[in-house]
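Following: one structure in structure tokens, then a few remarks.
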Amino acid sequence: MERAACGLSSALRLSLLHGFLFVIAGSGTEAPLDATTLDISSRRFRSEFLQEWPPSADAPYFDAGTPTNITGLVGHPVRLLCRVKNLQNRTVSWVRHRDIHLLTVGRYTYTSDQRFEAQHKPRSEEWALRIRSPQRRDSGQYECQISTTPPIGHAVYLNIVEPETTISGGPELFIQTGSTINLTCVVRHTPEPPTSITWTHGEQVINFDSARGGISLVTEKGLRSTSRLLVQRARGADAGVYTCGPNNAPIAATRVHVLSGEHPAAMQQGCAKTSLDFTLLILSLLLLYLFRYTFNNSPQSS
Ligand SMILES: *[C@@H]1O[C@H](CO)[C@@H](O)[C@H](O)[C@H]1NC(C)=O
Ligand SMILES: *[C@@H]1O[C@H](CO)[C@@H](O)[C@H](O)[C@H]1NC(C)=O
Ligand SMILES: *[C@@H]1O[C@H](CO)[C@@H](O)[C@H](O)[C@H]1NC(C)=O
């Protein structure tokens, strides 16, 4: 305890000195206290202060390997793990932050929600909270607490995700006639990589051997699977809705518009004209305002 007090006072002195230096640096010279100085002093603080205040010999603590961020899938069991050293006769509890709900105490499950379960093997250091069928709403902060006085806690963030399919480029795609339609479908958060990813155009399933020709598909499966559809030399008949359907994730769709040669030029011209009109409008409003301002502020002539 004495050592701790000594550490505290030296840390206090250090921080006072630090503050003093800061005042000097701030008022006297223009040079700011640089990052290295701050870094060195904070390191010194840590080594002088924190190391001289070790937890008392019999205090429990969380193992450094206790995870702080866990990702789980909707409907698939997930375990929040807490590793505690030197627990002795204290109790480990799991608390949900959202509503300060006590979920488990020691080996007992407290909540009435049947999906939650306390898991602990006798004489092991692991105190787990298992959620049998997690939902999106179970995402959030949880805390593993040790019943010391005051209690100490270790926060764990649980992130429950759902299988997700997206086609990059958004729900509408505009393509020039003759150019390549390039659609990339991304499948994420599936329990295992999809065994198949099927593309359709309108009612038709897209095959390599379709009469259309010039179609290629490249699929890469993994934690994040992608499937790229390339349709070369796009023409009017290639317009329409394309879907990407993995066997184990939702279907994503995008509408492709194939623009014939003249349209984009006409659109650009129209656009340029509108913006010119708009500039003219702003300019005339500005002139009008200036005119009125000068007029109102000129000395009255009576
Ligand atoms: C947890 O990890 C995921 C990715 O694995 C990340 O997106 C998220 O921001 C992390 N959350 C926290 C609170 O660290
Ligand atoms: C744990 O044991 C210590 C003695 O070693 C005792 O003073 C303390 O009250 C006990 N705590 C609990 C929660 O049983
Ligand atoms: C298709 O688009 C992706 C980016 O979305 C790009 O990396 C790739 O090179 C493109 N492929 C072709 C053949 O244009």
Side-chain angles (χ1 to χ4, degrees), residues 67-76 78 134-140 157-276 278-279:
T68 55
N69 187 359
I70 292 175
T71 300
L73 284 173
V74 166
H76 290 254
V78 68
Q135 303 302 312
R136 287 292 287 268
R137 69 188 149 82
D138 292 318
S139 296
Y157 189 83
L158 176 65
N159 194 22
I160 298 294
V161 294
E162 263 176 324
E164 185 184 285
T165 311
T166 51
I167 297 178
S168 61
E172 305 258 340
L173 215 72
F174 295 87
I175 304 279
Q176 290 287 344
T177 298
S179 63
T180 300
I181 299 174
N182 177 355
L183 302 177
T184 306
C185 178
V186 179
V187 187
R188 300 195 305 157
H189 306 324
T190 51
E192 57 273 325
T195 51
S196 71
I197 299 179
T198 309
W199 285 92
T200 66
H201 172 220
E203 303 286 294
Q204 300 282 308
V205 171
I206 298 174
N207 288 315
F208 301 103
D209 53 359
S210 74
R212 164 70 171 77
I215 291 176
S216 64
L217 272 173
V218 180
T219 297
E220 280 172 33
K221 291 176 188 174
L223 221 55
R224 177 180 175 278
S225 301
T226 61
S227 176
R228 177 161 296 153
L229 170 68
L230 295 172
V231 180
Q232 267 146 32
R233 294 176 302 280
R235 49 190 188 232
D238 297 321
V241 174
Y242 287 77
T243 71
C244 161
N247 66 302
N248 58 354
I251 291 176
T254 188
R255 181 178 290 276
V256 173
H257 302 266
V258 179
L259 305 170
S260 62
E262 307 100 60
H263 282 252
M267 267 167 63
Q268 262 173 23
Q269 229 174 45
C271 189
K273 195 168 177 298
T274 340
S275 83
L276 187 65
F278 189 65
T279 316

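Counting starts at 1 for both ligands and their atoms, in listed order. Because the structure is a prediction, the values reported are computed rather than measured.
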Checklist entry - Would you say Ser168 has any N or O atom under 3.5 Å from an N or O of ligand 3, going by distance alone? => result no
Next on the checklist: Run the salt bridge (Lys or Arg N to Asp or Glu O under 4.0 Å) test against Arg188 and tell me which residues pass, sequence neighbours left out.
Outcome noted: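 Arg188: salt bridge (Lys or Arg N to Asp or Glu O under 4.0 Å) contacts with Glu164.
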Next on the checklist: Does the protein place a non-hydrogen atom closer than 4.0 angstrom to atom 14 (O) of ligand 3?
Outcome noted: yes
Checklist entry - To which protein heavy atom is atom 4 (C) of ligand 3 closest, and what is the distance rounded to 0.1 Å? => result Arg228 NH2, 4.1 Å
Checklist entry - Considering residues, nucleotides and ligands other than Glu172, do more than 12 of their heavy atoms fall under 6.0 Å from its CD? => result yes
Checklist entry - Under 6.0 Å from the CD atom of Gln135, do we count more than 12 heavy atoms belonging to anything else shown? => result yes
Item to check | Option whose closest heavy atom lies nearest to atom 3 (C) of ligand 3, chosen from Asn182, Val218, Leu230 | outcome: Asn182
Item to check | Ionic contact status for Asp238 with Arg233, cut-off 4.0 Å | outcome: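 Salt bridge flag = no for Asp238 with Arg233.
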Checklist entry - Relative to ligand 3, is Thr180 under 4.0 angstrom through side chain, backbone, both or neither, heavy atoms considered? => result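 Within the 4.0 Å criterion, Thr180 makes no contact with ligand 3.
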Item to check | Selection residues 169-256 - residue pairs positive for disulfide bond (SG atoms under 2.5 Å apart), sequence neighbours left out | outcome: Cys185-Cys244
